[in-house]
Amino acid sequence: MFFFKLLTVHLLIYSILFLAGWGICKIVCKGKYEPYAFPLSFIIGTFPLGALPEYFSLLGVKTQIGGWLSFIALAAFSLFHLIKEPHVLINSVKRQSPVLLFLVVLANVPVFAVLLKTGFITSTMQSFNFYVSAGADYLVQHPFYEKWELDYDRPITNYLAEVKGNNTLFGGYYFISAVSVLFGVPTFKILFVLTGCLFSLLPISVHIACKEGFGLKDKTALLVALLATINFTYCEWVMVGQIGFVAGLAGLIAALGFLPDMLEGRNKPADLVFFSFLCAAIMGLYFPLIAYPLGIGIVFIALGAASSFDKVLPSLRNMGWIILGAAVLTGPFLFVFATQHGASYASNIAHNTNNVPRDLYLEEVLGLAQHFSLSPLFAETSRINFLKRSIAIILALLFFGAGLRAAIKKKDRLFLSSAVLCSVLAVYFARVDYFYHFYKHASVCLFVILAGMALGGEWLYRPDSKLIRTGLLGVSIIFIGLNLDTVFQYIFKTRQPVISASLIELGGVKQAIPPGKRILVNSFDPPEEAWMTYFLGDRRVKLRGSIEPWGFWIFSPFTGKPNPRFFYDPGKDAIDFTLSRKTDVNKDIVPFDSGGPVFQNEEFIVTKDSPLWVLGRGWNPIEEDAAGVFRWTQQESLLFYNRPLEDSAIRVRGTVPDVYKTPLQISVYVNQALADEFIAGPGVMEKVFVPKGVEFKKTGNAILIRLDQSFSPSALLHTADLRTLGIQIKKIEIIPADQRPQSGGTDSGLTQTGR
């Protein structure tokens, strides 16, 4: 039954997109573009469904109302044209290949696979999903100019401060909030399915671009669309919730197919409007992608100037009108953001350029391996797989080289312009170590690579050579098989983290806890911490303070700098209740001792008061090996003991890894006073000490463990682990001072340095 429910939701989303876009496409898709009116209606339909609620918001109308008004107006306009001229739709549908419909269905497999396993409609628990959902939810109930205040007991207000302060509540937010209003559910419920539906438009865009832009035969264009549909690089964006990038990419590739006509065709005003709507579909959901058609267009004009300079000014004029038209259609927030905050946005992002382990290997881009693990070629344990992937890469390069030669020979300026811009930007991003955007850039370049391989295949294909035809068929089958193997291994055999039923049930905490009480959100998973806060709604909370390894703090999306005022300060913050994950309560490096439970479900528990121990900044999530559970420290790790420490000793057990070339110097501070300092070499470590000369508190005694060294697994061990790690701590406990063993009795691998 759930399968049919999921299928119904998909069909409803497609219906909404079609009704939002058909009326526009019927008006602007004229002449040679008319056959594309039906498939493009789904792509173009995304932007008015975001732009119109945006304008309503400027007038003080929240999206809960503006979303319905926008959709009713768009649907009425489309239905009018459907009733008046149904043959236009029928003819456009007839012109589409059944294979293309199959590819659209195939593109929905990743979302179906995850949700069918989960058993209900939800979203993946990713940072970007929270970033989008929280902003879109705000717009459902609030017009843009509504006043609000920063509240240090509600971290989500800091997120809104940055997003609104940078004027980024445009386009994509309104589109998502409008769709959630039409379904009558919170944005997080519909976000994953909506992202999958937008991703399924990619094969349509690729097919159009290959046929119209690169002049490929229909069968070849469909092959490229298939390769794009099953490529891991594209599917990954759906899993991590990058809805704006996914939708913008579909619009970008479709626009590239019409770029020669945009710049050099005998365009009528209606054609320029059509091209403006295409560009608006890019800018409306992910405006940075507009740089690609703009950059490719400039290279395209420059290459044409060599043979005919007379076309340069008309082409530049067309480009100017199209970009201006798209910007006007998209809405005023784009102007404000680009002119006032574009530079600061780029600067903020540039502060964390090297925030992923490395750039992509070619085999990953081609969909032959998953991303950000060990170098897939050299880490491959199977010699057969190593040979298959190596041969596939070599053949892909040969095909692309043949395609490049064919493009040069027939002076295919669109392909050459695309290849030039992609190459220049790839070198630039690699040179500045901007690996995160290199990853996104690779996704754009992938379409050009696949199209180049197809151009090479057509050039190599010779009807009089059965051997070559058989070889091309075999290479295609192998390449498709390797792509399917990679993406299906990831989708079906890897557990995708989703917003679970237990997480959603935290909304019931509001009935169990009186308003005004403060809750400590005790989590070590940054996305989980954010979502726990999200479902607590308007309740006052303090965060333990989880920060993602790559530097993006979910509640501070633009600065990436956590505000300590949102974190639990035991010296100032009275905690009434604590929300924890049950696995963290049942076994950890410190005992969990708090009041009785007031709420619990399968995964979470809410208890009275603050716990005996609270792990602060600098601790990583629980891990387990044969010796038991442990947590990695960072170079500094803070924890709080909410009882007096007089006549007590602190016992620390752990392991110093053998990655350090010299022994570690470990300093322990209690309430900012140095309590002990010692040297620890690789191996098992156990230290018991009585803090002396320290002013103790009744609650919130701060214990800081500071190391003089740390290491990064991504740099040292060549893994995708971006954390900064110190030592493994297996147990921290308080024991009576008179139980402290004699010097040397239990200390292992330690050398006293001063105290």
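- No more than 12 heavy atoms of other residues, nucleotides or ligands sit less than 6.0 Å from atom NZ of Lys219.
- Atom CD1 of Ile253 is separated from atom CD1 of Ile204 by 12.0 Å, given to the nearest 0.5 angstrom.
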Steps toward side-chain contact (heavy atoms from CB on, under 4.5 Å) verdict (Lys189, Ile499): CA-CA 9 Å; Lys189 278 274 190 180; Ile499 300 171; over 6 Å; no
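- A heavy-atom distance below 4.5 Å is found between the side chains of Val193 and His10.
- Of all heavy-atom pairs spanning Leu278 and Ala254, the tightest one is CD2-CB, 4.3 Å.
- Asn91 has its side chain out of reach of Pro35: every pair of non-hydrogen atoms, C-beta onward, lies at least 4.5 Å apart.
- One finds a salt bridge joining Arg413 and Glu264 here, because a Lys/Arg side-chain nitrogen approaches an Asp/Glu carboxylate oxygen to under 4.0 Å.
- The heavy-atom pair separating Ala326 from Cys279 by the smallest distance is CB-CB, 3.6 Å.
- When all heavy atoms are compared, the tightest approach of Ala281 to Phe47 is CA-CB, 4.1 Å.
- A donor-acceptor contact shorter than 3.5 Å is absent between the side chain of His207 and the backbone of Leu222.
- Leu216 places a side-chain heavy atom less than 4.5 Å from the side chain of Glu458.
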Under the side-chain contact (heavy atoms from CB on, under 4.5 Å) rule, what do Leu226 and Val206 come out as? Steps first, then yes or no, please. CA-CA 9 Å; Leu226 169 63; Val206 171; over 6 Å; no
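- Not one N or O on the side chain of Thr195 forms a donor-acceptor pair closer than 3.5 Å with the backbone of Val238.
- Separating the CZ atom in Phe80 from the NZ atom in Lys26 is a distance of 9.5 Å, to the nearest 0.5 Å.
- Between the side chain of Gln96 and the backbone N or O of Ser92, at least one donor-acceptor pair lies under 3.5 Å.
- Residues Leu69 and Phe56 form a side-chain contact, since some pair of their non-hydrogen atoms from C-beta on lies under 4.5 Å apart.
- Classification of the Trp68-Phe71 ring pair by plane angle, with boundaries at 30° and 60°, yields perpendicular.
- Between Cys29 and Phe274, the shortest heavy-atom distance links the atoms SG-CE1, 3.5 Å.
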Check the pair Leu404, Leu416 against side-chain contact (heavy atoms from CB on, under 4.5 Å), reporting the backbone distance first and the verdict last. CA-CA 8 Å; Leu404 186 62; Leu416 295 175; 3.9 Å; yes
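- Note: Tyr131 and Phe128 meet the aromatic proximity criterion, with ring centroids under 6.0 Å apart.
- A ring-centre distance under 6.0 Å is found for Phe258 and Tyr36.
- Remark: Ile16 CD1 to Leu11 CG distance equals 11.0 Å, nearest 0.5 Å.
- Across all non-hydrogen atoms, the minimal contact from Ser177 to Thr187 is CA-CG2, 4.2 Å.
- In this structure, Ile24 CD1 and Phe277 CZ are separated by 4.5 Å, a value rounded to the nearest 0.5 Å.
- With rounding to the nearest 0.5 angstrom, the SG atom of Cys197 is 7.0 Å from the CG atom of Leu17.
- For Phe42, the ring-ring contact (aromatic ring centres under 6.0 Å, His included) partners two or more places apart in sequence, or in a different chain, are Phe18, Phe38.
- Using modelled atom types, one side-chain atom of Asn108 and one backbone atom of Val104 make a donor-acceptor pair closer than 3.5 Å.
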Would you please test Ser205 and Ile43 for side-chain contact (heavy atoms from CB on, under 4.5 Å) and show each step? CA-CA 9 Å; Ser205 299; Ile43 297 172; 3.2 Å; yes
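- Tyr33 and Asp271 share no donor-acceptor pair across their side chains, judged by distance under 3.5 Å alone.
- A distance-only check finds a donor-acceptor pair linking the side chain of Thr233 to the backbone of Glu364 [under 3.5 Å].
- For the pair Ile190/Ile13, a side-chain contact is recorded, criterion being any heavy-atom separation below 4.5 Å from C-beta on.
- Side-chain contact, Tyr174 with Ser70: no donor N or O sits under 3.5 Å from an acceptor N or O.
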Please determine whether ring pair (Phe, Tyr, Trp, His ring centres under 6.0 Å) holds for the pair Tyr292 and His441, giving the CA-CA distance in whole Å, both sets of side-chain angles, and the decisive distance to 0.1 Å. CA-CA 10 Å; Tyr292 285 93; His441 177 64; 5.7 Å; yes
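- Side-chain polar atoms of Thr124 and Asn129 form a donor-acceptor pair below 3.5 angstrom.
- Across all their heavy atoms, Ile44 and Cys25 have their closest contact at CD1-SG, 3.8 Å.
- Sorted by first then second residue, the ring-ring contact (aromatic ring centres under 6.0 Å, His included) pairs that include residues 208-247, not counting sequence neighbours, are Phe214-Phe415, Phe214-Phe447, Phe232-His371, Phe232-Tyr490, Trp237-Phe245, Trp237-Tyr439, Phe245-Tyr286.
- Gln242 places none of its side-chain heavy atoms less than 4.5 Å from the side chain of Gln126.
- Considering only heavy atoms from C-beta on, Val88 comes within 4.5 Å of Trp22 through its side chain.
- Residues Val444 and Leu289 have side chains in contact (heavy-atom distance under 4.5 Å, counting atoms from C-beta outward).
- With rounding to the nearest 0.5 angstrom, the CZ atom of Phe175 is 14.0 Å from the CG atom of Leu139.
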